[in-house]
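Working notes for the structure below.
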Amino acid sequence: MNVILVGPPGAGKGTQAETIVEHFKIPHVSTGDMFRDAVRQGTELGKRAQEYMNAGKLVPDEVTIGIVKERLSQPDCDKGFLLDGFPRTVVQAEALDGIMESLGKKIEIVVNIAVPDEIIVERIVGRRSCKKCNTVYHTKFNPPKVEGICDKCGEPLFQRADDQEATAVQRLRVYAEQTNPVLDFYAQKGVVKDIDGNRARAAVWEDVKKVLESYDNN
Ligand code: ADP
Ligand code: ADP
Ligand code: ZN
């Protein structure tokens with residue numbers, strides 16, 4: 001099962017991904033997590049990506065496409081994968097078609113998590129993330145058991161540099177301009193499933209699960 005998760009920043013993609021990968025046993029391929037890991041490790045990739053990320057802009061297509069191609073070619077993606085945060089431009093979507101073709105695979109379903117902009121900003125500014133395992137929390141909507149500490153690995157939580165209100169607004173703008181056309185690209189192929197993400201996490205998951213199971217059983 002080769003799945004893409006789409007939705008504006010803060011829609012709940014990473015949150016739903018946690019349950020999806022556990023339930024369907026496929027790897028979670030998040031370009032945002034890959035870039036943040038690279039920034040933390042101080043690699044060349046990280047140095048290149050950091051300024052774009054902090055400005056709420058997209059990392060250049062050729063850089064992003066390269067890391068995705070490499071990741072999807074790894075053996076753990078043979079039985080399927082969950083792409084989160086990629087593709088975000090039509091150029092990336094077209095490149096992904098090429099990558100899929102070269103691997104003899106196909107994108108089967110695009111899950112679009114829709115949430116209105118005014119809800120998003122509150123989600124983003126309250127987000128707290130674990131550096132070690134990338135689990136996401138929210139100070140109000142999904143707090144950890146012990147304040148500031150990851151439930152899963154006990155590491156301290158942090159707030160992403162780009163999770164400030166001004167950067168969040170900029171990212172929403174970038175999404176509307178550059179990523180909405182990606183949805184049209186996949187809508188033309190008839191693979192998009194829209195999910196109302198403006199509900200509690202568990203209710204969203206019930207719908208996501210139904211959509212993916214109906215595919216998985218085919
Ligand atoms: P969110 O979960 O809020 O949507 P991500 O973690 O997916 O954010 O992405 C954080 C940042 O990483 C983006 O603002 C962008 O700078 C960079 N990034 C992630 N994925 C891509 C991509 N596919 N193309 C370009 N830049 C990306
Ligand atoms: P994305 O990966 O799309 O950027 P996240 O999964 O990181 O989004 O979620 C953004 C923030 O919103 C996080 O703080 C998360 O805990 C919170 N969140 C996720 N899903 C919901 C939901 N259904 N209701 C309320 N808050 C949510
Ligand atoms: Zn953790």
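Every number for a ligand or one of its atoms is a count from 1 in the order of the listing.
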At less than 4.0 angstrom from any non-hydrogen atom of V136, what atoms of ligand 2 do you find?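 In order of number, 6 (O), 7 (O).
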
Is the Lys NZ or Arg CZ of K57 less than 6.0 Å from the centre of Y52's six-membered ring, within 45° of the axis?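 No, a cation-pi geometry is absent between K57 and Y52.
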
Could you tell me whether [X] approaches ligand 1 through its side chain, its backbone, both or neither, with non-hydrogen atoms closer than 4.0 Å?
X	answer
K13	side chain
R127	side chain
R160	side chain

Does Q16 come within less than 4.0 angstrom of ligand 2, counting non-hydrogen atoms of the residue?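 Q16 does not count as a contact of ligand 2 under the 4.0 Å cut-off.
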
So, 4.0 Å and heavy atoms of G7: is ligand 2 close enough to count as a contact?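 No, G7 has no heavy atoms under 4.0 Å from ligand 2.
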
Which of the numbered atoms in ligand 1 are under 4.0 angstrom from any heavy atom belonging to [X]?
X	result
T64	22 (C), 23 (N), 24 (N), 25 (C)
F86	23 (N)
T31	19 (C), 20 (N), 21 (C), 23 (N)
R36	6 (O), 10 (C)
G85	20 (N), 21 (C), 22 (C), 23 (N)

Check R128, R123, R171 against D163 for a side-chain hydrogen bond (donor to acceptor under 3.5 Å, both in side chains) and give me the one that passes.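 Per the side-chain hydrogen bond (donor to acceptor under 3.5 Å, both in side chains) rule, the option paired with D163 is R171, out of R128, R123, R171.
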
Nearest candidate to atom 7 (O) of ligand 1, where distance is taken over non-hydrogen atoms, out of Q178, R123, R88, E51: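 When every heavy atom of Q178, R123, R88, E51 is considered, R88 comes closest to atom 7 (O) of ligand 1.
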
Would you say the side-chain atoms of D162 and T167 include a donor-acceptor pair closer than 3.5 Å?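 No, no side-chain donor-acceptor pair sits under 3.5 Å.
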
Considering distance alone, does some N or O of [X] sit under 3.5 Å from an N or O of ligand 2?
X	answer
D84	no
A11	yes
R201	yes

Look at D97 together with K105 and state whether they make a salt bridge at an N to O cut-off of under 4.0 Å.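 No salt bridge links D97 with K105.
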
Just distances here: any N/O of D33 and N/O of ligand 1 closer than 3.5 Å?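 Looking only at distances, the answer is no, because the N/O contact criterion of under 3.5 Å is not met.
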
How open is the angle at the Zn ion (ligand 3) from atom SG of C130 over to atom SG of C150, rounded to 10 degrees?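 Reported to 10°, the angle equals 110°.
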
Drop me the distance from F86's CZ to I65's CD1, to the nearest 0.5 angstrom.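 Nearest 0.5 Å value for the CZ-CD1 distance: 5.5 Å.
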
